[in-house]
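We name chains A, B, ... by the order of the sequence lines, and we start the count at 1 in each one.
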Protein chains: 2
Amino acid sequence: MAEKTNKTSKVSLTDVARAAGVSKMTASRVLRGEGGYSEKTKTNVMAKVDALGYLPNRLATVFAGDQTSTFVGVSIPDLGNEVFAQVLEGIDRKLGAFGYQSVLGLTQHTLEAEEAWVRTVLSWQPAGLILTGRSHSARAQDMLRNAGIPVVEIWDLNSSPLDMSVGLNHFDCGYDMGRFLIGRGYRALGYVGTSHDTANAATARLDGFTKAVQDGGGHVRRQLCLHDTATFYPGYYGSEQLMSSGADVDCIFFQNDSMAFGGLQYFEQKGLSVPDDIGIAGWGDLPVASVLKRRLTSMHVPHLKLGQTAAEMMVARLSGEAVHATKSVKFHLIPGATVRPASD
Amino acid sequence: MAEKTNKTSKVSLTDVARAAGVSKMTASRVLRGEGGYSEKTKTNVMAKVDALGYLPNRLATVFAGDQTSTFVGVSIPDLGNEVFAQVLEGIDRKLGAFGYQSVLGLTQHTLEAEEAWVRTVLSWQPAGLILTGRSHSARAQDMLRNAGIPVVEIWDLNSSPLDMSVGLNHFDCGYDMGRFLIGRGYRALGYVGTSHDTANAATARLDGFTKAVQDGGGHVRRQLCLHDTATFYPGYYGSEQLMSSGADVDCIFFQNDSMAFGGLQYFEQKGLSVPDDIGIAGWGDLPVASVLKRRLTSMHVPHLKLGQTAAEMMVARLSGEAVHATKSVKFHLIPGATVRPASD
DNA sequence: AAGCGCAAAGTTACCGGTAACTCAAACGGT
DNA sequence: ACCGTTTGAGTTACCGGTAACTTTGCGCTT
């Protein structure tokens, strides 16, 4: 039977040193493998570390030196939207591989929640922050600038980031889709998405989409911005709302594939045929699209990769590299088969 | 134009005190609203706090006193599985409402990754930990016990938790489903899920399912455990694999609804009719099920609620309440219409 | 006018590590 | 044999707050 070591009170380096009959400093040196001690001392100290179940207090280390912590604050709007769950997974996996931990903040798409979270998380001396979106409250911006730590803004392409940025041009994304749908002969377009207080990426996509449709001689007849999460069911009832509003549209662009799938299901259940009766386009090339019989018209965006890239930039900067960049993430249109075929 | 305050070096309480012409202690008292200072002093100090853009260093506070931090470590297997994304959202939302922050750890279903994460996160003196699953490496268990902080194990119902626990009995869940399918006349069952090194909840469901099927005079003809994430596409190709293996099954139980939907799509594309040619059952009552024409046979589990409950237990304990419980989360079967109807 | 009580401060020590310095013993070259 | 160098330690001070104690000054009572 192993010795009982479950002391309730925490074991400190001083305890280890005392047990080993050496000074705190020597124990510290052994634990950091810094050298300057004999093999015998090392063995002795390590034995006591095991026996006492010593776990270092990293708070003290960070606090003492001018070293930073291994925390990286990561703000994400919500996890109900699969897009962001993927981005977060990409970030955390990569950060974890380099010994950093994500401190999560769900901002629910509001600047106030973000500001409150920034304030709190900064008080814990994080090594850096990764924020979704490029709009922040004035006070949040002040705090971020004064913090003196790396900040990566993701999601939106940001020409004048606070520090670093990885994202994509959502306006262009929307524009490409609009032009594509015009090219397929659609003129009476609809949009179904979710809206939030802040000007966000989805809004930029809608703007680009609207512009392209107008440039192509079409009209966005109706745009629906639900106060809900951008997932399946809002796509379903959003479609219902849009159709029952009497708007005569021939094609609908959804905020993402999950919503588009909700729409597909609505129309199938109403007995309308896609794409014969109505065209459907999504966004994001999400997992659900991978199993549909009819390839969903969408826009491929490497979400996981985007998160990983953000984490890599953060780690590189924290390792002392002079990263100072705005990285653009590529996207490409998936023609799919939920809109009418090219008419050449 | 406001005064420039973007000092790169951090502003400490000492700086504020010096600027205000008072002692550090007085400034500290003002900031904590502890009393023992004049109105004039308060105004003065607060003015300097604003002017200098002072942000407290919570590390120092925790480090100084014997107070704990406001970090709560949260381990989750992965976020690709929507089930866990929901649980995490429930946890973080509730924790955030009480001023705590989640420190995320994606364990990828391995005990080694969990152990490494536990070691790291404990060194940051978290207020508590919320862990998914009930199996942990021996060393992780030691560390958790010795840490002297609240630990909530979620997901699996745990009769002998390390500390607190919220979950459901996955064996019973599986058993209920098995009995239900037997009741609908199925005898040659199949299972499609994903497997991982550790005995996990999905395995427990499969065990319960198998038991019920045997008890009912049926057989689990084939069980497929893919090395993949429990999401749409693995459900699709898993179905394909299962069918092409020559196993003659009349109904398939999937690890969750996302996989079940992948299966539904496979069979639809193969021209097989559900439930006439084959029965399909999922698990979790996930969002995707909300838009299907034919109600998916599944098991409703309140994932978000489960996460919230775990967070509430944590907060209650941290507030000094003597919570020491194993809470069982209720689930209920959704008969649905993707299995053949009751034959009475 | 002395003394008491209280409000409004200031002082000191400490939390758990580490940087920077000091110190003693061993060792080795001339 | 002597002295410089290396090795293996110990000592001290400090990071940024806060608990606990001390001090100062003022109003008010008797």
Side-chain angles (χ1 to χ4, degrees), chain A residues 7 9-46 48-49 52-70 120 122-127 146-148, chain B residues 7 9-46 48-49 52-70 120 122-127 146-148:
Chain A
K7 311 191 68 172
S9 56
K10 296 217 179 94
V11 180
S12 77
L13 188 60
T14 311
D15 299 327
V16 172
R18 188 164 33 231
V22 299
S23 73
K24 231 169 64 165
M25 201 57 223
T26 299
S28 171
R29 280 193 270 252
V30 169
L31 279 162
R32 282 173 298 140
E34 191 206 34
Y37 47 83
S38 66
E39 197 60 29
K40 205 183 93 186
T41 305
K42 177 184 169 184
T43 312
N44 184 15
V45 169
M46 292 312 279
K48 298 303 175 187
V49 165
L52 297 173
Y54 169 72
L55 277 182
N57 182 343
R58 303 271 265 118
L59 246 51
T61 310
V62 172
F63 175 59
D66 40 3
Q67 309 171 37
T68 64
S69 68
T70 57
T120 306
L122 279 180
S123 75
W124 292 108
Q125 318 297 112
N146 296 350
Chain B
K7 312 189 68 172
S9 56
K10 296 216 178 97
V11 181
S12 77
L13 187 60
T14 311
D15 300 327
V16 172
R18 189 165 31 230
V22 298
S23 75
K24 232 169 65 165
M25 201 58 222
T26 300
S28 171
R29 281 193 268 254
V30 170
L31 279 162
R32 281 174 298 140
E34 191 205 35
Y37 46 82
S38 66
E39 197 60 29
K40 206 183 92 186
T41 304
K42 178 186 167 182
T43 312
N44 184 16
V45 169
M46 292 311 279
K48 298 302 177 189
V49 165
L52 297 173
Y54 169 71
L55 278 182
N57 181 343
R58 304 270 268 118
L59 246 51
T61 309
V62 173
F63 175 57
D66 40 4
Q67 310 169 36
T68 64
S69 69
T70 57
T120 306
L122 279 180
S123 74
W124 292 108
Q125 318 296 112
N146 295 350

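With sequence neighbours left out, the side chain to side chain donor-acceptor pair (under 3.5 Å) criterion links B:Ser69 to no other residue. Applying the side chain to side chain contact (heavy atoms under 4.5 Å, CB included) test to B:Glu34 and every residue at least two apart in sequence or in another chain returns B:Arg29, B:Arg32. A:Ser123 is linked by a side chain to side chain donor-acceptor pair (under 3.5 Å) to nothing, counting only residues two or more places apart in sequence or in another chain.
Note: A:Arg58 CZ to B:Thr120 OG1 = 7.5 Å, rounded to the nearest 0.5 Å. Rounding to the nearest 0.5 angstrom, the gap separating the OG1 atom in B:Thr43 from the NZ atom in B:Lys48 is 12.0 Å. Atoms OG1 and NZ, on A:Thr26 and A:Lys24 in that order, are 12.0 Å from each other to the nearest 0.5 Å. Annotation: the span from A:Phe63 atom CZ to B:Asn57 atom CG amounts to 6.5 Å, rounded to 0.5 Å. In this structure, the separation between CG on A:Leu13 and CE on A:Met25 is 9.0 Å, given to the nearest 0.5 Å.
For C:dA8, neither phosphate oxygen OP1 nor OP2 lies less than 4.0 angstrom from any side-chain nitrogen or oxygen of B:Thr26. A close approach under 4.0 Å does not occur between any side-chain nitrogen or oxygen of A:Ser38 and OP1 or OP2 of D:dG8.
In this structure, the CZ atom of B:Arg18 is 16 Å from the C1' atom of C:dG10, given to the nearest Å. Rounded to a whole Å, the CG atom of B:Leu122 is 17 Å from the C1' atom of C:dG16. As a whole-Å value, the separation of A:Lys42 NZ from D:dA9 P is 13 Å. In this structure, B:Lys40 atom NZ and C:dA8 atom P are separated by 12 Å, rounded to whole Å. A:Phe63 places its CZ atom 7 Å from the P atom of D:dG16, with the value rounded to the nearest Å.
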When you compare the protein's N or O atoms with those of nucleotides 17-19 of chain D, which come within less than 3.5 Å of each other, and at what distance?
{"unit_1": "D:dG17", "atom_1": "OP1", "unit_2": "B:Tyr54", "atom_2": "OH", "d": "2.9"}
{"unit_1": "D:dG17", "atom_1": "OP2", "unit_2": "B:Leu13", "atom_2": "N", "d": "2.9"}
{"unit_1": "D:dG17", "atom_1": "O5'", "unit_2": "B:Tyr54", "atom_2": "OH", "d": "3.1"}
{"unit_1": "D:dG17", "atom_1": "N7", "unit_2": "B:Lys24", "atom_2": "NZ", "d": "2.6"}
{"unit_1": "D:dT18", "atom_1": "OP2", "unit_2": "B:Ser28", "atom_2": "OG", "d": "2.3"}
{"unit_1": "D:dA19", "atom_1": "OP2", "unit_2": "B:Arg32", "atom_2": "NH1", "d": "2.8"}

Can you name the atoms? Protein N/O to nucleotides 22-26 of chain D N/O, anything below 3.5 Å, with the distance.
none

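Of all heavy-atom pairs spanning A:Leu59 and B:Val62, the tightest one is CD2-CG1, 3.5 Å. Pairing each heavy atom of A:Val11 with each of A:Tyr54, the nearest pair is O-CD1, 3.3 Å.
You'll find the side chain of A:Tyr37 stays beyond 4.5 Å of the side chain of A:Val22, heavy atoms only.
Between the two ends of the helix from C:dA1-D:dT30 to C:dT30-D:dA1, each summarised by a five-pair axis, the helix axis turns through 60° (rounded to 10 degrees).
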